[in-house]
Asker: 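Take this structure, written in structure tokens, and hold onto it; I'll ask about it next.
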Amino acid sequence: MNTEPLPKQYDRAVAEKKWRDIWKKEKTFQFKNNDNTPLYIVDTPPPYVSADHLHAGHIMSYAQAEFIVRYKRMCGFNVFYPMGFDDNGLPTERFVEKKYKIDKSKITRSDFIKICLKETEIGAQTYKNLWDSLGISVDWTKTYSTIGPLATKISQWSLLDLYKKGALYRSEAPVLWCPSCKTAIAQADLEDVEDDSKINHIVCSSGSEQLTIATSRPELLPACVALYVNPNDKRYKHFIGKKAVVPLFDYEVPILSSEKVDIEFGTGLMMVCTWGDKEDLEKWQTDKLATRALIREDGRLNELGGKYQGLKIEEARAKIISDLQKNGFLIKQEDISHTLNVHERCGVPVEFILSKQWFIKIADFKDKWLEYGKKLNWYPKTRQQDYDLWVNSIKWDWCISRQRYYGVPFPVWYCKNCSEPIFASEEMLPVNPMEDKPPVSSCLKCGHKEIVPENDVMDTWATSSVTPLIIRELIADEKTKIKLFPATLRPNAFEIIRTWDFYTIVKSHYHFNNLPFRDVMISGHGLDEHGRKISKRLGNYIPSEKLLEEYGADAIRYWATGATLGQNLRFNIQEIKKGKKTTIKLWNVARLILMSLEDFKLTKVSEDLEFADCWIVQELNQSLKNVSMAFDNYSYAKAKDEIDQLFWSKFTDYYLEFIKYRLAASDNKSKKAARYTLTKIFLAILKMYAPIMPFITEELYNLIYKNSDGEKSIHLSDWPTEITIKKDKDISDFSQAITAIDEIRKYKSEKGMSLGFELEEYKLNTPIDKDKYGDFIKNATKVKILM
RNA sequence: GGGCGCAUAGCUCAGUUGGUCAGAGCGCACGGUUCACAUCCGUGAGGUCAAAGGUUCAAGUCCUUUUGCGCCCACCA
């Protein structure tokens, strides 16, 4: 045991840098293949590298999973903690387009991909630097990129396997389409947005009579294929089966009936188009309506739009309204507020467009998905509802093809003649059909020789949904690899339950009939101090580098520990300061300990413990139990509270004050027992704080305990166990002694005396066993005579 | 419109199965400390636990209703 005195101040910046370097050099957190140790596998969310403004929220979300990782490592698990970077897909493309002001029609596909790759490298490095500063104990020799060859290979294999199993199909159908990103998207990519709009009342004629339709989307008039009325609506009953003329466009559409038309809504007359919304789609399918597809892939009107052809949706709307008005068709406008489905990546309202896409079957197996959801361990339990709610609201199969550039290519070619898909063989993966040769020279179905590649790329989630498979491929050893699936823990924020978690479950089901992970730990978001979302636009955040520089990793991690599972956490500078104070306090306790140790040697003897010693041991044992239980349930916030209480209130405020007189005494049994207890308890406290504040605890462990505890890193040392003591001392009434000490402290405080002031005599009101605790109380409070 | 969550001291939040739960930290006031403490310690003030009703011997803690906030879903004619 080291007993060199410590410098007066803890140099946080130096210590954190030192330990980062040592951990790196010593490969402290590197995964070791080991047959005997139980595994703990973390399937960490690969961050989108397209974030150039890292803040407390980013720190929080990754620190939270890391508390658990460090705890599990100390508990003896062989922790597998790789890190990925999600660098493919739409988010990255949009980021690059925006940053470099790129018009994708004026750049080649390969040039664009080059810029994306370059940008993702920068982004990955930014994240890596942050995680490194934070002390995220990832095994940096085990990383992957979702655009890299490994992820590409696994994602492509996944599709081949799904196709074999009949879960993947290609079909031409109306799909959700983002006119801004110019690609098909999936239902999970939708977001709701409140929108103020107008309902336009438009007259049209049916024979000699006039009808009024109400629509918020008059630009879809040239796509109108039918009008619907409720069969019970007396006003319109006689129109059923007749025809109406579409104003401005002068063509006839049938008037049909449907119970689903709300008599009260609008004018009670519904205009059905190709395809304005889900209702249109449904009517089109069930009633086999004509098709008048109007919206082009770029969100402009096609030739059906007549003189409005080529206009953007909003432009066409304005122009058509104005023309309706001019011609006397528009009789009224009403303000309405409704929710629009927009694409979550760009906020642009989505359209339905007829298109040929690849789909994974999900809509018909809701029961299956719900069953898996039930089998998962959700932390917190209540977040399972988010999952269930999503599954129940699924309407369509998962569209996984994207008409974009920067993503994993489909391992598919087509026969130019009969469109038969030709899949790559497994040995060919990873494959890029746009560059690589197809596995056959002619179509197996029709014998045609012209084979063309698939140009689409996969939905970014098509790759993310196989991360549990990707991470196990990072290990070469076959025997170990097989044990790395399913993962133990999937930590992620609640908004990607319906995407990342759900899709991963779907894939895992099709591939292995198994859950992809055992536990899901759901975190919330970091908010600003007022509870608002942190955003670049609002500028309501301190950049992460600045935070780290000013307060240090331990202090910020301390704040992040405060989040309740599944709940958002407000930024709170006071908590960060409290964290910093905790590191300083730990440092000072270490100084006190080392000052009083001199040539003391830690022994295993514990028979001479006194009442106060037994008391703090008992408190420690109780806290230890609570802390372990909290960590086991992923309740790091509760764990932190518990350790704080033990350390600040019980250990420093009471115990250290209780034993100062014994430490100052000349060498004797009592001093030895105090030193023994002091060092034992402090070691346990350091270890309990270690998952939360890895730097200060590592520093002090190495300064004091390295030789006696026997590990080169506290993070590789064992989680503390209960301290056993001989049961010859009954301390069940020790709280009375504490009450008595409180009473004397209060007396001194009220009299304006210092707590160290020596009182000649004091008349105690608290009833205590004077024979038992009298001497202790007198010594601990500096009272000569206790009455 | 449907579902879920939240509402506890000035601020940020803890409060397992109903009975020392009315708490912590920060902030504030007063005092003391500088031989562990870029401080720290002690003491203190502050809340009818959103509102109303109910169940119970007993309710922040269970039930009903109301209000406010947040999230998700639906309606988009």
Side-chain angles (χ1 to χ4, degrees), chain A residues 5-6 8-10 190-192 195 197 199-200 213-217 220 224 226-229 258 260-262 265-273 276-280 283 336-341 349 380 382-386 388-390 392-393 395 494-495 497-498 524-525 527 529-531 533 559 562-564 566-575 577-578 580-581 584-596 626 629-630 633 635 637-638 640-642 644-645 648-649 652-653 656-657 660 663-664 741-742 744-757:
Chain A
L6 293 184
K8 204 161 159 54
Q9 283 169 23
Y10 171 49
L190 295 180
E191 205 174 63
D192 289 348
D195 180 58
S197 183
I199 292 228
N200 303 279
I213 51 175
T215 177
S216 61
R217 299 201 60 184
L220 291 182
C224 178
L227 296 184
Y228 273 82
V229 298
S258 165
K260 288 181 87 175
V261 175
D262 184 350
F265 193 93
T267 58
L269 196 65
M270 174 160 76
M271 173 174 93
V272 170
C273 306
D277 56 36
K278 289 167 204 159
E279 191 60 39
D280 287 353
K283 290 270 182 303
I336 55 154
S337 175
H338 60 175
T339 33
L340 282 179
N341 278 136
T382 50
R383 283 295 179 179
Q384 192 195 326
Q385 291 165 170
D386 294 40
D388 290 352
L389 213 62
W390 166 248
N392 282 319
S393 71
K395 288 200 174 59
F494 52 73
E495 84 276 12
I497 290 174
R498 71 181 192 178
H525 289 156
L527 304 176
E529 61 268 44
H530 306 294
K533 201 171 169 176
W559 159 74
T564 308
Q567 302 279 95
N568 294 332
L569 178 67
R570 289 190 185 195
F571 182 75
N572 187 342
I573 201 77
Q574 296 296 353
E575 272 300 293
K577 287 181 181 165
K578 173 94 192 298
K580 194 173 168 185
K581 275 159 105 174
I584 294 171
K585 189 81 171 171
L586 284 165
W587 179 263
N588 283 302
V589 171
R591 288 189 71 215
L592 172 73
I593 289 178
L594 291 180
M595 284 165 106
S596 66
N626 295 342
M629 196 159 53
N633 287 309
S635 301
K638 205 169 175 178
K640 184 196 78 166
D641 280 349
E642 191 75 36
D644 273 350
Q645 178 117 40
W648 283 92
S649 308
T652 62
D653 289 351
L656 292 185
E657 298 304 323
K660 273 182 180 168
L663 294 177
I741 288 167
D742 284 343
I744 297 168
R745 282 179 174 180
K746 186 175 173 181
Y747 174 80
K748 286 187 175 178
S749 176
E750 280 168 355
K751 294 275 184 236
M753 298 173 199
S754 82
L755 294 182
F757 183 81

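We name chains A, B, ... by the order of the sequence lines, and we start the count at 1 in each one.
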Asker: Under a 4.5 Å cut-off applied to non-hydrogen side-chain atoms, are A/H525 and A/E495 in contact?
Answerer: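 Yes, at least one pair of side-chain atoms sits under 4.5 Å.
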
Asker: Distance between the C1' atoms of B/U67 and B/C30, in whole angstroms?
Answerer: 41 Å

Asker: Indicate, with a heavy-atom threshold strictly under 4.0 Å, whether A/L340 touches base, sugar-phosphate, or nothing.
Answerer: base

Asker: Using the C1' atom in both, what is the distance from B/C41 to B/A36, to the nearest Å?
Answerer: 13 Å

Asker: Tabulate atom names and distances for all N/O pairs under 3.5 angstrom spanning the protein and nucleotides 12-17 of chain B.
Answerer:
| unit_1 | atom_1 | unit_2 | atom_2 | d |
| --- | --- | --- | --- | --- |
| B/U12 | OP1 | A/R570 | NH1 | 2.8 |
| B/A14 | OP1 | A/T564 | OG1 | 2.8 |

Asker: Taking 4.0 Å as the cut-off, does a side-chain nitrogen or oxygen of A/K395 come that near to OP1 or OP2 on B/A74?
Answerer: yes

Asker: Using a heavy-atom cut-off of under 4.0 Å over every strand shown, decide if A/Y10 touches base, sugar-phosphate, or nothing.
Answerer: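 Base contact.
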
Asker: Please test A/L592 against A/L656 for side chain to side chain contact (heavy atoms under 4.5 Å, CB included), starting from the C-alpha separation and ending with a verdict.
Answerer: CA-CA 9 Å; A/L592 172 73; A/L656 292 185; 3.9 Å; yes

Asker: Testing the basics here: between A/L227 and A/C224, what is the closest heavy-atom pair and its distance to 0.1 Å?
Answerer: CD2-SG, 4.2 Å

Asker: Assign B/G46 to syn or anti; the rule is syn for a glycosidic angle within 90° of 0 and anti otherwise.
Answerer: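 Chi for B/G46 falls in the syn range.
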
Asker: Need one value for A/I213: base, sugar-phosphate or nothing, where a base atom within 4.0 Å counts as base even if backbone is also close, heavy atoms only.
Answerer: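 No contact.
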
Asker: Classify A/L227 by what it touches in the nucleic acid, base, sugar-phosphate, or nothing, heavy-atom distance under 4.0 Å.
Answerer: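 It contacts nothing in the nucleic acid.
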
Asker: Send over the distance from A/R383 CZ to B/C71 P, rounded to a whole Å.
Answerer: 12 Å

Asker: Considering every strand and a 4.0 Å limit on heavy-atom distances, what is the contact class for A/V261: base, sugar-phosphate, or nothing?
Answerer: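 If one applies the 4.0 Å heavy-atom cut-off, A/V261 turns out to touch a base.
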
Asker: If I take atom NZ in residue A/K577 and atom C1' in nucleotide B/C26, what distance separates them, rounded to the nearest angstrom?
Answerer: 10 Å

Asker: Could you check how far CD1 of A/I744 sits from P of B/U43, rounded to whole Å?
Answerer: 13 Å

Asker: Measure across A/I213 and A/T267 and return the closest heavy-atom pair with its distance rounded to 0.1 Å.
Answerer: CA-OG1, 3.8 Å

Asker: Report the residue (A/R498 or A/A590) whose heavy-atom-nearest nucleotide on RNA chain B is the more 5′ of the two.
Answerer: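 Checking each residue's closest nucleotide, the 5'-ward one belongs to A/A590.
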
Asker: Are A/D277 and A/R217 close enough that some pair of their side-chain heavy atoms sits under 4.5 Å apart?
Answerer: no

Asker: Taking the minimum atom-to-atom distance to the side chain of A/L389, which one of B/C72, B/C76, B/A36 wins?
Answerer: B/C72

Asker: A/D277 has a side chain; which of B/U33, B/A36, B/C76 sits nearest to it?
Answerer: B/C76

Asker: Please determine, for the side chain of A/K660, which listed nucleotide (B/A36, B/U43, B/C76) has the closest atom?
Answerer: B/A36

Asker: So what does A/Q385 touch, heavy atoms closer than 4.0 Å: a base, only the sugar-phosphate, or nothing?
Answerer: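 The answer is sugar-phosphate, as A/Q385 gets under 4.0 Å only of primed atoms, P, OP1 or OP2.
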
Asker: Rounding to an integer number of angstrom, what distance separates B/G10 and B/A29 when you compare their C1' atoms?
Answerer: 14 Å

Asker: Any stems for RNA chain B, made of 3 or more Watson-Crick or G-U pairs in a row, each with both distances under 3.5 Å?
Answerer: B:1-7 with B:67-73, B:10-13 with B:23-26, B:28-32 with B:40-44, B:50-54 with B:62-66

Asker: Which whole number of Å gives the distance between the C1' atom of B/A45 and that of B/U65?
Answerer: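 The same atom, C1', in both gives a distance of 37 Å.
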
Asker: What's the base orientation of B/G47: syn (chi within 90° of 0) or anti?
Answerer: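 That one's anti.
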
Asker: Taking atom C1' of B/C26 as reference, at what distance in whole Å does atom CH2 of A/W559 sit?
Answerer: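 It works out to 16 Å between those atoms.
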
Asker: Is there a side-chain contact between A/N588 and the phosphate of B/A38, meaning an N or O under 4.0 Å from OP1 or OP2?
Answerer: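 Checking A/N588 against B/A38: at least one side-chain N or O falls below 4.0 Å of OP1 or OP2.
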
Asker: What's the gap between B/A9 and B/G15 when it is taken at their C1' atoms, as a whole Å value?
Answerer: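 My reading of the C1' atoms in B/A9 and B/G15 gives 14 Å.
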
Asker: Mind checking the CZ-CD1 spacing from A/R591 to A/I593? Nearest 0.5 Å is all I need.
Answerer: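 Output value for this atom pair is 12.5 Å.
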
Asker: Which heavy-atom pair separates A/S197 from A/H338 by the least distance, and what is that distance?
Answerer: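 Looks like CB-NE2, 3.6 Å.
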
Asker: Does A/D192 reach the side chain of A/N341, with side-chain heavy atoms less than 4.5 Å apart?
Answerer: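 Yes, at least one pair of side-chain atoms sits under 4.5 Å.
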
Asker: B/U43 C1' sits how many Å from A/M753 CE, rounded?
Answerer: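 About 14 Å, once rounded to whole Å.
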
Asker: Check every atom of B/G27, B/C73, B/G42 against the side chain of A/D653 and return the nucleotide holding the closest atom.
Answerer: B/G42

Asker: What nucleotide among B/G42, B/C76, B/A38 has an atom nearest to a side-chain atom of A/S216?
Answerer: B/C76

Asker: Please report the distance separating the P of B/U61 from the corresponding atom of B/G53, rounded so that it comes out in whole Å.
Answerer: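 Approximately 14 Å lies between the P atom of B/U61 and that of B/G53.
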
Asker: Looking at B/A38, B/U43, B/A36, which one has an atom nearest to any side-chain atom of A/S749?
Answerer: B/U43

Asker: Give A/E657 one of three labels, base, sugar-phosphate or nothing, depending on what nucleic acid heavy atoms sit under 4.0 Å from its own.
Answerer: base

Asker: Could you check if a side-chain atom of A/K260 sits within less than 4.5 angstrom of a side-chain atom of A/M270, using non-hydrogen atoms only?
Answerer: no

Asker: Using whole Å, report how far CG of A/L220 lies from P of B/C76.
Answerer: 14 Å

Asker: Check this for me, if you would: do A/E657 and A/R745 make a salt bridge, where the nitrogen-to-carboxylate-oxygen distance has to be below 4.0 angstrom?
Answerer: no

Asker: How close or far is atom P of B/A74 from atom CG of A/D262, stated in whole angstroms?
Answerer: 18 Å

Asker: Just wondering, do A/E279 and A/Y228 contact through their side chains at under 4.5 Å, heavy atoms?
Answerer: no

Asker: Which nucleotide in the list B/G32, B/C76, B/A38 gets nearest to the side chain of A/I584?
Answerer: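 Selected nucleotide: B/A38.
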
Asker: In whole angstrom, give the distance that lies between atom CH2 of A/W648 and atom P of B/G23.
Answerer: 22 Å

Asker: Which whole number of Å gives the distance between the P atom of B/U16 and that of B/C6?
Answerer: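 Taking atom P in both B/U16 and B/C6, they lie 11 Å apart.
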
Asker: So if I take every side-chain heavy atom of A/N341 and compare against B/C76, B/C73, B/G42, which nucleotide ends up nearest?
Answerer: B/C76

Asker: With a 4.0 Å limit, can you tell me whether A/K581 has a side-chain N or O closer than that to the phosphate oxygens OP1/OP2 of B/A38?
Answerer: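 Checking A/K581 against B/A38: no side-chain N or O falls below 4.0 Å of OP1 or OP2.
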
Asker: By nearest atom, which of the nucleotides B/A36, B/U43, B/G25 is closest to the A/K578 side chain?
Answerer: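 The answer is B/G25.
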
Asker: Within the structure shown, what part of the strands sits under 4.0 Å from A/K746 by heavy-atom distance: base, sugar-phosphate, or nothing?
Answerer: sugar-phosphate

Asker: In whole Å, measure the gap between the P atoms of B/G42 and B/A24 for me.
Answerer: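 Pairwise P distance, B/G42 against B/A24, rounds to 12 Å.
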
Asker: Looking at side-chain heavy atoms only, is the closest gap between A/L569 and A/W559 below 4.5 Å?
Answerer: yes

Asker: Under a 3.5 Å distance rule, please check whether A/K748 uses its side chain to pair with a backbone N or O of A/M753 as donor and acceptor.
Answerer: no

